[in-house]
Amino acid sequence: QVQLVESGGGLVQAGGSLRLSCAASGRTFSTYAMGWFRQAPGKEREFVAAITLTVRSIYYADSVKGRFTISRDNAKNTVYLQMNNLKPEDTAVYYCAATSFRGDVSQRGLYDYWGQGTQVTVSS
């Protein structure tokens, strides 16, 4: 069982930056691949970024490549999402998630545990 708590969301102007954090409970954090997803009003939850447990593979949605960076600190049981050059279309609730799947972890259906989400609003 893994419990996830996101933080770091807020209101930022276009072109600005935010860093999201996701703190995980439990001693087995390092055995999970971690992902970030987002959901805008009226839209389905979509993949943003993911990182495997060994950091051997990192995945990004095309819409955030070159602007967002996912990282993890297994000693702190935390995964991060650094978001730069934010755009109004990045406005959404951002969720972190954990999966024990080994392989391409960019699919939402692979994830077993989800946080409650943190709101990111980018003004134009």
Closest non-hydrogen atoms of M34 and I70, given as atom of the first, atom of the second and distance, are O-CD1, 3.9 Å
Exercise. Are V79 and W36 close enough that some pair of their side-chain heavy atoms sits under 4.5 Å apart?
Worked result: yes
TODO: Consider only side-chain heavy atoms of I, L, V, M, F, W and Y, link residues closer than 4.5 Å, and tell whether Y80 and I51 are in one cluster.
DONE: no
Exactly one candidate in N74, T78, V2, L53 meets side chain to side chain contact (heavy atoms under 4.5 Å, CB included) with F29; the answer is N74
pair S100-D112: side-chain heavy atoms closer than 4.5 Å: yes
For Q39, the side-chain hydrogen bond (donor to acceptor under 3.5 Å, both in side chains) test, sequence neighbours excluded, returns R45
Tracing side-chain contacts under 4.5 Å among Ile, Leu, Val, Met, Phe, Trp and Tyr outward from F37 reaches F47, Y59, V93, Y95, F101, V105, L110, Y111, W114
Would you say CZ of R56 has more than 12 non-hydrogen atoms from neighbouring residues, nucleotides or ligands within 6.0 angstrom? no
Disulfide (SG to SG under 2.5 Å) pairs touching residues 94-124, sequence neighbours excluded, are C22-C96
On a heavy-atom basis, the closest approach of V48 and Y94 is CG2-CE2, 4.3 Å
OH (Y32) and CZ (R102) are apart, to the nearest 0.5 Å, by 9.0 Å
The reported gap from OG1 in T99 to CZ in R108 (rounded to nearest 0.5 angstrom) is 14.0 Å
So salt bridge (Lys or Arg N to Asp or Glu O under 4.0 Å) across residues 30-40, not counting sequence neighbours, yields R38-E46, R38-D90
- Should we count CD of Q119 as having more than 12 external heavy atoms under 6.0 Å? yes
Practice item. Give a yes or no answer on whether the side chain of T118 reaches the backbone of G9 with a donor-acceptor pair at less than 3.5 Å. Key: yes
Taken to the nearest 0.5 Å, the spacing of L86 CG from S123 OG works out to 10.0 Å
Check: residues 11-21 side-chain donor-acceptor pairs under 3.5 Å, at least two apart:
unit_1 : atom_1 : unit_2 : atom_2 : d
S17    : OG     : N84    : OD1    : 2.9

When you measure from the side chain of T121 to the backbone N and O of T91, does any donor-acceptor pair fall under 3.5 Å? no
Residue set satisfying side-chain hydrogen bond (donor to acceptor under 3.5 Å, both in side chains) with K43, at least two apart, ordered chain then number -> none
Of all heavy-atom pairs linking M83 and V120, the shortest is CE-CG2, 3.9 Å
Notebook entry, point to check: Donor-acceptor pair, T52 side chain versus S57 backbone, under 3.5 Å?
Noted result: yes
